[in-house]
Asker: 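Below is one structure. I have some questions about it.
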Amino acid sequence: MSGSGPVDPTSTGAWAQLARLADGYDLDLRRHLADDPDWVPHQTLRAGDLFVDLSKNLFDDGVDATLLRLADEVGVAERRDAMFAGEHINVTEDRAVLHTALRLPADASLTVDGQDAVADVHEVLGRAYAFAERVRSGEWTGVTGRRIETVVNIGIGGSDLGPVMAYEALEPYRQDGLSCRFISNIDPTDAGQKLTGLDPETTLFIVSSKTFGTLETLTNARLCKAWLLEHLPAGSDPADAVAQHFVAVSTALDKVADFGIDTDNAFGFWDWVGGRYSMDSAIGLSLVIAIGPDHFADLLAGFHTMDEHFRTAPPAANVPLRMGLLNVWYTNFLGAHTHAVLPYAQLLHRFPAYLQQLTMESNGKGVRWDGAAVGYETGEVFWGEPGTNGQHAFYQLIHQGTRLVPADFIAFARPAYALVDDHDGESVDVHELLLANFFAQTQALAFGKTADEVRAEGVPEELVPARTFPGNRPTTSIMAPALTPAVLGQLVALYEHITFVQGAVWGIDSFDQWGVELGKQLAQQLRPAVSGDADVASQQDRSTQSLIGYYQENRH
Ligand SMILES: O=P(O)(O)OC[C@H]1O[C@](O)(CO)[C@@H](O)[C@@H]1O
């Protein structure tokens with residue numbers, strides 16, 4: 001796989017056919033759903049516990065069949081199989097891409113570059129579970145003998161976003177008396193705020209960094225170490241204190257040792273796990289401690305369910321394949337640039353932020369994996385907020401603006417908190433209000449409101465245009481019984497594989513992230529200028545000199 005170049009998707013017959021279909025495409029969702037009684041059942045798919053309704057997307061049988069043909073012509077299935085088999089599909093880093101191995105059951109078998117990956121994964125998982133149990137039970141204590149009450153994960157990007165998102169999402173599964181905080185930003189406010197009010201005797205720090213070379217994480221880890229040693233009761237031995245209060249998760253265990261953390265208290269993973277695909281590796285240690293090994297195992301099982309679906313479901317029933325292809329249709333043929341993700345679940349409030357890294361660090365690429373420039377758009381901008389908050393903020397643009405914004409709506413049949421609003425002799429289940437909004441929004445977006453319908457409500461003629469809704473705004477609805485660990489695993493894996501499908505069609509390496517390097521290098525080079533080195537400042541461009549000058553004048 002790594003030896004042969006990607007197919008240029010624009011050279012395929014399917015691409016040309018999609019371009020013809022898209023020319024003047026004017027599907028009317030009202031008519032489409034009304035005229036074809038089979039459309040909704042045919043476009044309602046299931047994957048694990050997820051119930052996925054694609055029917056309110058802007059496509060028809062012809063587009064659908066051609067998208068599936070495109071997947072065939074560019075070889076999505078072959079690339080998927082190469083990923084699952086451990087081939088080095090991360091070409092620019094010459095690495096396998098095997099986050100799917102992190103959730104294989106213990107009796108599965110997979111050899112990666114001569115190593116038994118399943119045995120390795122389960123060895124680390126077993127150690128992480130045992131460690132988590134010791135913390136949860138109070139057997140693992142701080143240096144003064146007190147049990148741990150707060151776990152602070154220090155990490156950034158993939159070493160932060162997944163654990164935070166899942167910690168928030170699975171709040172009902174957390175153990176009482178144990179909480180987590182997450183320090184990520186190099187802005188000292190982050191560490192300053194998160195350390196405030198902490199009791200050093202009952203705090204455990206997890207330094208999470210795949211490379212153990214990330215400026216933000218190492219700086220924050222040093223700040224936390226200094227804070228710990230300064231605030232522990234006098235007489236605590238520094239080496240014991242670090243040993244009891246610091247553990248690490250990394251692929252670079254030598255650097256962990258250099259930092260002063262006992263490698264007995266370090267949990268490894270492998271270069272075949274990308275940072276943004278690592279929340280189900282030991283990077284999830286804070287989550288394992290918070291929700292416990294059993295729930296974490298359920299989460300992994302959920303991931304695996306979706307992996308198996310993606311690997312084995314026939315194309316027409318394959319949810320990640322179908323959703324990924326629809327995203328290609330919107331991006332490359334209907335002119336969409338962004339994609340909204342709108343969870344009608346407050347507990348998923350960090351899910352869009354998590355998806356930003358997953359999707360944009362993966363597919364924000366301008367060259368294919370053979371180095372050739374792409375001649376087409378890649379990488380949608382993913383964004384979102386929980387409903388119904390978003391309704392009162394940006395839905396106006398989605399409903400009536402000039403841009404096409406495909407949106408994924410996510411909701412659960414059962415609420416995390418069942419609350420009833422008793423008023424005026426009526427009892428209203430508040431979750432019903434949430435779901436009524438969920439259903440109503442996708443209905444309004446799809447079917448709109450015609451000028452005649454607006455007039456029929458007695459609206460003055462001059463206000464009719466402003467109060468008309470064009471409709472035909474595409475949405476996918478994803479529902480599940482409840483937001484359990486297993487369902488969360490399925491959801492995350494679904495988006496991992498959607499991202500994969502898009503990257504495979506575009507022929508890009510969705511697993512490297514060279515685009516984040518230049519800024520890091522320049523920050524290192526610039527730093528002396530920020531500290532007042534006039535020579536280095538004078539070597540900068542005029543705009544940067546002016547900005548640094550402003551900073552120097554106003555810093556005190
Ligand atoms: O886990 P690490 O090595 O500290 O990296 C953190 C993040 O930094 C990045 O490399 C981007 O700078 C991400 O891909 C990664 O998730």
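Computation of the quantities below employed the complete heavy-atom set of this structure, encompassing side-chain atoms and omitting hydrogens, waters and symmetry-equivalent molecules. Just follow the structure's listing: the first ligand is 1, and inside any ligand the first atom is 1. Here the structure is a predicted model, which means the values were calculated and not measured.
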Asker: Answer yes when Arg368 and Asp509 have at least one side-chain N-carboxylate O distance shorter than 4.0 Å, and no when they do not.
Answerer: no
Asker: Return the protein residues near ligand 1 (heavy atom under 4.0 Å from any of its atoms), ordered by chain and residue number.
Answerer: Ile156, Gly157, Gly158, Ser159, Ser209, Lys210, Thr211, Thr214, Gly275, Gln357, Glu361, Gln513, Val516, Lys520
Asker: Identify all side-chain donor-acceptor contacts of residues 236-245 below 3.5 Å with residues at least two apart in sequence or on another chain.
Answerer:
from: Ser236; atom 1: OG; to: Pro233; atom 2: O; distance (Å): 2.9
from: Asp237; atom 1: OD2; to: Ala239; atom 2: N; distance (Å): 3.2
from: Asp237; atom 1: OD2; to: Asp240; atom 2: N; distance (Å): 2.9
from: Gln244; atom 1: NE2; to: Thr141; atom 2: O; distance (Å): 2.7
from: His245; atom 1: ND1; to: Pro200; atom 2: O; distance (Å): 3.3
from: His245; atom 1: ND1; to: Thr203; atom 2: O; distance (Å): 2.7
from: His245; atom 1: NE2; to: Val143; atom 2: N; distance (Å): 3.0

Asker: Only distances under 3.5 Å count here; give the side-chain donor-acceptor pairs of residues 154-167 to other protein atoms, sequence neighbours excluded, each with its distance to 0.1 Å.
Answerer:
from: Tyr167; atom 1: OH; to: Arg174; atom 2: NH1; distance (Å): 3.4
from: Tyr167; atom 1: OH; to: Cys180; atom 2: N; distance (Å): 2.8

Asker: Can you list everything that forms a side chain to side chain donor-acceptor pair (under 3.5 Å) with Gln357? Sequence neighbours excluded, please.
Answerer: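 In terms of side chain to side chain donor-acceptor pair (under 3.5 Å), with neighbours along the sequence ignored, Gln357 is linked to Glu361.
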Asker: Are the aromatic ring centres of Tyr354 and Tyr495 under 6.0 angstrom apart?
Answerer: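 No: the rings miss the under 6.0 Å criterion.
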Asker: Between Arg311 and Asp307, does any NZ, NE, NH1 or NH2 come within less than 4.0 Å of an OD or OE carboxylate oxygen?
Answerer: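 Looking at Arg311 together with Asp307, the answer is no, because their closest N to O distance does not fall below 4.0 Å.
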